[in-house]
> 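Quick one: the structure is below, and I'll ask about it shortly.
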Amino acid sequence: MARPVMFALLGVDGSGRTTQAEALAEWLRRRGVRARYFENAGGRPLWNRLARALGRADGLALFGRTVHPALEATVRAAAMARTVAVARLTGRVAVLDRWT
């Protein structure tokens with residue numbers, strides 16, 4: 001089985017990374033390449049909603065400076081493992097808007 005092809009776009013928040021990743025996946029599809037965009041988020045919106053529901057300002061205030069980054073990295077690693085598995089099983093090119 002061939003190794004999956006993956007493109008990971010990196011950049012700071014607000015740099016247009018997601019927009020470009022989505023555009024690249026679409027550009028590849030228009031050229032006949034089986035491609036799919038993957039977000040690979042770290043769960044920050046979920047943690048922030050949970051924190052607000054529990055009366056905290058955000059996920060960082062809820063989990064602290066040590067646990068919050070570890071939790072986010074764990075969720076992102078799980079999402080990336082899913083991306084690798086889907087790309088490998090379907091033969092699609094994976095276009096990601098972040099990596100860790």
Side-chain angles (χ1 to χ4, degrees):
M1 177 181 293
R3 298 183 90 161
V5 174
M6 291 196 248
F7 294 95
L9 282 69
L10 307 175
V12 299
D13 288 350
S15 66
R17 180 186 63 238
T18 298
T19 301
Q20 293 303 312
E22 290 172 339
L24 175 58
E26 179 59 30
W27 184 83
L28 289 167
R29 284 192 296 271
R30 282 195 314 264
R31 281 151 184 79
V33 176
R34 296 180 59 206
R36 180 175 166 190
Y37 163 74
F38 292 88
E39 183 180 0
N40 291 339
R44 192 175 302 165
L46 173 65
W47 310 136
N48 289 342
R49 281 194 304 275
L50 175 62
R52 285 190 294 277
L54 296 173
R56 300 290 179 94
D58 57 19
L60 185 60
L62 178 63
F63 295 112
R65 293 196 179 277
T66 303
V67 173
H68 186 263
L71 182 60
E72 191 168 293
T74 300
V75 171
R76 187 159 290 139
M80 286 185 283
R82 178 210 61 191
T83 297
V84 171
V86 169
R88 186 165 290 208
L89 291 171
T90 65
R92 292 187 183 273
V93 171
V95 180
L96 306 95
D97 74 351
R98 61 177 49 94
W99 197 253
T100 195

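Side chains included, hydrogens not; waters and symmetry mates left out as well; all remaining heavy atoms used.
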> Testing the basics here: between Val86 and Arg36, what is the closest heavy-atom pair and its distance to 0.1 Å?
CG1-NH1, 3.5 Å

> If I compare all heavy atoms of Leu9 with all of Ala21, which pair ends up nearest, and what's the gap?
CD2-N, 3.7 Å

> Side chains of Leu46 and Arg49: does their closest heavy-atom pair fall under 4.5 Å?
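In contact.
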
> Look at the side chain of Arg82 and the backbone N and O of Ala78, then say whether any donor-acceptor pair between them is shorter than 3.5 Å.
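Absent.
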
> For the residue pair Asp13 and Arg44, what are the closest heavy atoms and their distance?
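Result for this residue pair: OD2-NH1, 3.6 Å.
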
> If hydrophobic clusters are built by linking Ile, Leu, Val, Met, Phe, Trp and Tyr wherever their side-chain heavy atoms come under 4.5 Å apart, do Val95 and Val33 end up in the same one?
yes

> Taking only residues two or more places apart in sequence or in another chain, which ones pass side-chain contact (heavy atoms from CB on, under 4.5 Å) with Ala61?
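Partners of Ala61 under the side-chain contact (heavy atoms from CB on, under 4.5 Å) test: Arg56, Ala57, Asp58.
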
> Specify the closest pair of heavy atoms between Ala94 and Ala87, including all atoms of both residues, with the distance to one decimal.
CB-CB, 4.1 Å

> Minimum heavy-atom separation for Glu39 and Asp97, please, with both atom names.
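Closest pair (atom of Glu39, atom of Asp97, distance): O-OD1, 2.5 Å.
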
> Please check if Leu71 and Leu50 belong to a single hydrophobic cluster, counting links between Ile, Leu, Val, Met, Phe, Trp and Tyr side chain heavy atoms closer than 4.5 Å.
yes

> Do Met80 and Val75 sit in one hydrophobic cluster, given that two such residues count as connected whenever their side-chain heavy atoms are within less than 4.5 Å of each other, even indirectly?
no

> Identify, with sequence neighbours excluded, every residue that meets ring pair (Phe, Tyr, Trp, His ring centres under 6.0 Å) alongside Phe63.
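Ring pair (Phe, Tyr, Trp, His ring centres under 6.0 Å) check on Phe63 returns Trp47.
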
> CG/Leu60 to CD/Glu72 distance, rounded to the nearest 0.5 angstrom?
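The distance works out to 10.0 Å.
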
> Heavy atoms only: give me the nearest Ala51-Gly59 pair and the separation to one decimal.
CB-N, 3.7 Å

> Does CZ belonging to Arg65 count more than 12 external heavy atoms closer than 6.0 Å?
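No.
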
> For residues Tyr37 and Met6: do they belong to one hydrophobic cluster (side chain heavy atoms under 4.5 Å, members Ile, Leu, Val, Met, Phe, Trp, Tyr)?
no

